[in-house]
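Here the structure is laid out as structure tokens; the discussion comes afterwards.
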Amino acid sequence: MLILEGKKVRLRDWSSADLSAYREWLRPHQEWHQWDGPYFPPPTPQEADDAVGRLAGQLAAGQWPAVRRRMVIADTRTDHLIGTVSWHWESEETEWPRAGITVHDPSQRGRGVGSEALTLWADYLFAATKFRRLDFSTWYGNHAMCSVGLKIGWTEEARFRDARVVRGTVYDSVVYGVTRAQWAGLRLHSSSQSANY
Ligand SMILES: CC(C)(COP(=O)(O)OP(=O)(O)OC[C@H]1O[C@@H](n2cnc3c(N)ncnc32)[C@H](O)[C@@H]1OP(=O)(O)O)[C@@H](O)C(=O)NCCC(=O)NCCS
């Protein structure tokens, strides 16, 4: 099992105990859907079951992709799933990846776990791949996500004005990103100070 240990959270591969919790977090009534791409429909119960079924199949076979696509964010004290990190190709043609993060459990947010998890994820992805850059996309009303991007030193690289509508209000769409060299510099700098999420 791959485990990337942090102070508040660890990123780790899936265990059987995660599956029912994850299925429940995917349900449309869960609050995080209000923040994570609220302009997209949440997964249907069938799509949620299919996603969990695919994870169960990988778990049973003990076969995870060499470069992990989605990992569990687990609380270091309880080891319970509190969220996930992921990545997908924004453009595979030019090897341009995009990261995703969700702290499903609202009671766990706002104490630095999102920033720590995205830092661990970026460390892992830059070490395990030849990615030249990483980014994430969000809407400007998602203050927590924008704050995470700024806090870990990523650059606001794109702003599409008035591109998103959330609950009747218009927001900019924003992309925060980091290059490999920039991340190396940021991590060098942070290791010479104590990380403060
Ligand atoms: C976005 C998310 C991953 C951030 O994780 P987190 O654990 O809350 O992040 P952190 O605690 O590391 O940082 C959040 C920061 O946002 C700030 N913040 C939170 N809500 C805020 C708000 N409404 N206005 C302004 N700042 C806010 C916090 O104060 C904190 O900053 P600080 O450490 O300087 O005080 C998490 O909130 C989440 O999963 N939300 C729901 C799903 C989602 O939005 N996913 C991202 C999709 S792009």
Side-chain angles (χ1 to χ4, degrees), residues 4-12 18 21-43 47-48 51 69-90 96-125 133-160 163-167 169-178 183 186-187 190 193-197:
L4 309 168
E5 194 71 16
K7 290 183 183 141
K8 296 169 183 164
V9 292
R10 65 176 63 100
L11 306 185
R12 61 162 173 77
D18 301 322
Y22 187 52
R23 182 185 280 108
E24 186 53 29
W25 283 123
L26 290 179
R27 296 291 180 226
H29 67 274
Q30 296 288 355
E31 181 268 359
W32 64 272
H33 292 299
Q34 311 267 321
W35 299 100
D36 193 341
Y39 20 83
F40 301 123
E47 287 167 339
R69 283 296 184 121
R70 184 179 291 276
M71 293 184 80
V72 169
I73 305 174
D75 189 298
T76 47
R77 294 163 304 182
T78 63
D79 203 39
H80 290 165
L81 176 150
I82 59 171
T84 65
V85 285
S86 61
W87 72 272
H88 65 270
W89 290 121
E90 177 62 15
W96 171 13
R98 175 152 289 174
I101 178 168
T102 301
V103 179
H104 295 107
D105 185 346
S107 72
Q108 297 289 332
R109 298 188 203 135
R111 61 180 188 94
V113 303
S115 305
E116 188 179 46
L118 192 57
T119 298
L120 292 167
W121 193 223
D123 281 348
Y124 166 70
L125 289 175
R133 53 169 290 115
L134 268 180
D135 61 37
F136 67 79
S137 169
T138 191
W139 52 290
Y140 204 57
N142 191 339
H143 299 294
M145 194 66 228
C146 296
S147 170
V148 165
L150 292 174
K151 219 161 37 154
I152 67 172
W154 293 17
T155 301
E156 184 189 305
E157 296 183 324
R159 177 177 288 259
F160 303 92
R164 297 296 195 188
V165 182
V166 178
R167 297 178 275 281
T169 303
V170 172
Y171 294 92
D172 294 351
S173 174
V174 282
V175 175
Y176 291 84
V178 70
W183 188 244
L186 286 164
R187 298 301 281 141
S190 75
Q193 305 180 335
S194 65
N196 182 22
Y197 302 116

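In this chain, residues are counted from 1 in sequence order. Counting convention: from 1, in listed order, for ligands and their atoms alike.
- Here CE of Met71 is found 12.5 Å from CD1 of Ile101. Values are rounded to the nearest 0.5 Å.
- In the candidate list Arg109, Lys151, Gln30, Arg109 is nearest to atom 38 (C) of ligand 1, counting heavy atoms.
- The structure places CH2 of Trp87 at 3.5 Å from CZ of Arg69, a figure rounded to the nearest 0.5 Å.
- Where the criterion is an N or O separation shorter than 3.5 Å, residue side chain and backbone included, Ile101 meets it with respect to ligand 1.
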Return all side-chain donor-acceptor pairs below 3.5 angstrom for residues 138-147, not counting sequence neighbours, or 'none' if the list is empty.
{"unit_1": "Trp139", "atom_1": "NE1", "unit_2": "Trp35", "atom_2": "O", "d": "2.8"}
{"unit_1": "Asn142", "atom_1": "OD1", "unit_2": "Met145", "atom_2": "N", "d": "3.2"}
{"unit_1": "Asn142", "atom_1": "ND2", "unit_2": "Trp35", "atom_2": "O", "d": "3.3"}

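- Considering backbone and side-chain atoms together, Gly114 places an N or O closer than 3.5 Å to an N or O of ligand 1.
- Close contacts between ligand 1 and Thr138 involve ligand atoms 48 (S) [criterion: under 4.0 Å to a heavy atom].
- Using a 4.0 Å cut-off between heavy atoms, Val148 contacts ligand 1 through its side chain alone, with no backbone atom that close.
- Interface of Thr102 with ligand 1, defined as ligand atoms under 4.0 Å from a residue heavy atom, comprises 39 (O), 42 (C).
- Counting heavy atoms from C-beta on, the side chains of Val178 and Phe136 never come closer than 4.5 Å.
- Between Tyr124 and Trp121, the distance from one ring center to the other falls under 6.0 angstrom.
- In this structure, Ser137 is part of the shell of residues with a heavy atom less than 4.0 angstrom from ligand 1.
- For a threshold of 3.5 Å applied to N or O pairs, the pair formed by Asn142 and ligand 1 contains at least one separation below that value.
- Taking every non-hydrogen atom of Gly110 and a distance limit under 4.0 Å, the qualifying atoms of ligand 1 come out as 6 (P), 7 (O), 8 (O), 11 (O).
- The distance from ligand 1 to the heavy atoms of Gly112 drops below 4.0 Å at these ligand atoms: 10 (P), 11 (O), 12 (O).
- Note: an N/O pair closer than 3.5 Å links Ser115 and ligand 1 by distance alone.
- Listed by first and then second residue, the salt bridge (Lys or Arg N to Asp or Glu O under 4.0 Å) pairs involving residues 76-86 are Arg10-Asp79, Arg12-Asp79, Asp75-Arg77 (not counting sequence neighbours).
- Those atoms of ligand 1 with a heavy atom of Ser147 less than 4.0 angstrom away are 15 (C), 16 (O), 17 (C), 30 (C), 31 (O).
- Shown in contact with Arg111 at under 4.0 Å from a heavy atom are these atoms of ligand 1, numbered in order with element: 11 (O).
- The two atoms that bring Ile73 and Thr102 nearest to each other are CD1-O, 3.9 Å, heavy atoms only.
- Salt bridge absent: Arg133 and Glu90 never bring a charged side-chain N and a carboxylate O closer than 4.0 Å.
- Within ligand 1, the atoms closer than 4.0 Å to a non-hydrogen atom of His143 are 22 (C), 24 (N), 25 (C), 26 (N), numbered from 1 in the order shown.
- Interatomic distance, CD of Glu5 versus CG of Leu120, reported as 8.5 Å (0.5 Å rounding).
- Taking every non-hydrogen atom of Met145 and a distance limit under 4.0 Å, the qualifying atoms of ligand 1 come out as 1 (C), 46 (C), 48 (S).
- Between the side chains of Trp25 and Asp105, not a single donor N or O lies within less than 3.5 Å of an accepting N or O.
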